[in-house]
Amino acid sequence: MPTHAKTTDTHALLELGGDTSSSSSSSDGTDSDSEGHPAKCFGMFVMDLLASVVFWYVLLFLPFPDWAGWTFLGVLFAAMVTYRLCRARTPICDNGIEIPYTCGYVMNNNKEMFLVATIHISPRAPKDVEAVIEKTIPDITMIELDNERLDRMRDVDDGAPPKPKRQDLQPIKITMANGESSTVYAQRALWNAERSGETVEGDLLFDESNSYGLQKADASWEGRIALINRGSANEGEFAPFALKAFNAATAGAEGVLVIDTGNKLPPNRIGGGTMLGDLRVAFKACSCGFPSIP
């Protein structure tokens, strides 16, 4: 084992939380997705398949001059705009209510559900939601929202820093060489959900020569849970959590535990960044996905 790596007989075990949601069925004992208009759905599928085949055949296999290609793209663009205008002005509800084309509609057992597709950066999204609520007057309105945004919407006492909830934290069982064990709680990373329901364990490793996890790790990290410091030794250096997790995963580590000098946990899950920061991580890690280890 390299002399610069410090290992102990300490063992860590992480039980990543599983998905508690379960599938639901309609009141008559059949799946809600199985009802509706199967012939209509099949016809739409066939039309979509044929249109895709024609599109890619023309684009890839038919030789045509530049003017024909631009004409084809122009006609395609005009068809897309026409389709959107048609959907925007055509009611899709069985009861004749006109709703935005961004809203889907389904009815089962005399129960109606309207699903509005939204984009956070779209200025039209909240207007579509308001229009659907005003025209349909629903009995129940639900919104899909992640925990981080929900926490930001909650009222926080002035001067009191937000604290993470115990149930949102990651329990870590640490077993010492003498057999004694204890459980600590740490803030989760955004990508921990990729390993939901799994148990990750391994001996702890602290590499003094790569204490911040920003350099390429050696083979001593393989099969272990790496302890690394938060941030960087150099002020202002690019040192996101995701990049450190990528470096550890490349060396074969089972997981990463980040050590912070402060005694307060981040209120929300770690690992999120700006678009530019995510692009820099993807370039350095040669990957557009999440790190493979928690």
Side-chain angles (χ1 to χ4, degrees), residues 1-21 147-148 151 161-233 239-272 281 285 287 289-294:
M1 182 171 295
T3 57
H4 61 261
K6 181 180 180 181
T7 60
T8 65
D9 293 330
T10 306
H11 190 81
L13 182 144
L14 296 77
E15 295 183 357
L16 304 179
D19 186 4
T20 58
S21 63
N147 292 331
E148 285 74 21
D151 289 337
K163 297 181 179 180
K165 298 179 181 179
R166 173 64 65 88
Q167 60 268 26
D168 293 336
L169 298 177
Q170 173 67 61
I172 303 173
K173 182 180 180 181
I174 299 179
T175 304
M176 306 299 291
N178 57 8
E180 296 182 0
S181 62
S182 60
T183 301
V184 297
Y185 292 86
Q187 185 55 272
R188 305 172 190 262
L190 292 174
W191 54 86
N192 279 22
E194 299 290 310
R195 302 284 295 273
S196 178
E198 299 182 23
T199 298
V200 178
E201 59 180 317
D203 294 332
L204 296 179
L205 168 73
F206 180 75
D207 191 343
E208 295 180 355
S209 67
N210 191 11
S211 59
Y212 289 92
L214 295 175
Q215 304 173 12
K216 184 178 180 180
D218 55 35
S220 64
W221 290 46
E222 185 174 359
R224 293 184 170 91
I225 295 179
L227 292 174
I228 57 178
N229 291 319
R230 184 177 184 179
S232 170
F241 294 106
L243 180 59
K244 299 182 178 186
F246 271 120
N247 291 340
T250 302
E254 293 292 329
V256 172
L257 294 179
V258 180
I259 309 170
D260 195 1
T261 56
N263 58 357
K264 295 182 180 179
L265 292 174
N268 300 314
R269 296 193 179 191
I270 62 175
V281 171
S287 173
F290 285 125
S292 59
I293 60 176

List the atom of Val200, the atom of Pro294, and the distance in Å for their closest heavy-atom pair. CG2-CG, 4.0 Å
Test item: Gln187 and Leu169 side chains (from C-beta on) under 4.5 Å apart, heavy atoms: yes
On a heavy-atom basis, which atom in Leu243 and which in Val281 lie closest, and how many Å separate them? N-CG1, 4.2 Å
Any idea which heavy atoms bring Tyr212 and Gly231 closest together, and the distance? CD2-O, 3.2 Å
Just how far is it from atom CG of Leu265 to atom CZ of Arg188, taken to the nearest 0.5 Å? 12.0 Å
Is the shortest heavy-atom distance from the side chain of Asp168 to the side chain of Tyr185 under 4.5 Å? no
Minimum heavy-atom separation for Ile293 and Ala249, please, with both atom names. CD1-N, 3.6 Å
Hey, is CD on Glu180 packed in by over 12 heavy atoms from elsewhere, all under 6.0 Å? no
Determine whether a donor-acceptor pair (N or O, by modelled atom type, separation under 3.5 Å) exists between the side chain of Lys216 and the backbone of Ala251. no
Measure from the side-chain N and O atoms of Trp191 to the backbone N and O of Ser292, and report whether any donor-acceptor pair falls under 3.5 Å. no
For residues Asn247 and Asn210, determine if any side-chain heavy atom of one lies less than 4.5 Å from a side-chain heavy atom of the other. no
Quick check for you: to the nearest 0.5 Å, what is the distance between Leu257 atom CG and Gln170 atom CD? 9.0 Å
Report yes or no: does Asp260 contribute a side-chain atom to a donor-acceptor pair with the main-chain N or O of Arg230 at less than 3.5 Å? no
Distance check, rounded to the nearest 0.5 Å: Glu254 atom CD versus Leu205 atom CG? 12.5 Å
For the residue pair Ile225 and Ile172, establish whether any side-chain heavy-atom pair is separated by less than 4.5 Å. no
Which atom names give the shortest non-hydrogen contact between Phe206 and Ser211, and what distance separates them? CZ-CB, 3.6 Å
Considering non-hydrogen atoms only, spot the tightest contact between Trp221 and Gly213 and give its length. CH2-CA, 4.3 Å
How many angstroms lie between atom CE of Met176 and atom CG of Leu204, to the nearest 0.5 angstrom? 9.0 Å
Go through Asn192 and Phe290 one step at a time and tell me if the side-chain contact (heavy atoms from CB on, under 4.5 Å) criterion holds. CA-CA 9 Å; Asn192 279 22; Phe290 285 125; over 6 Å; no
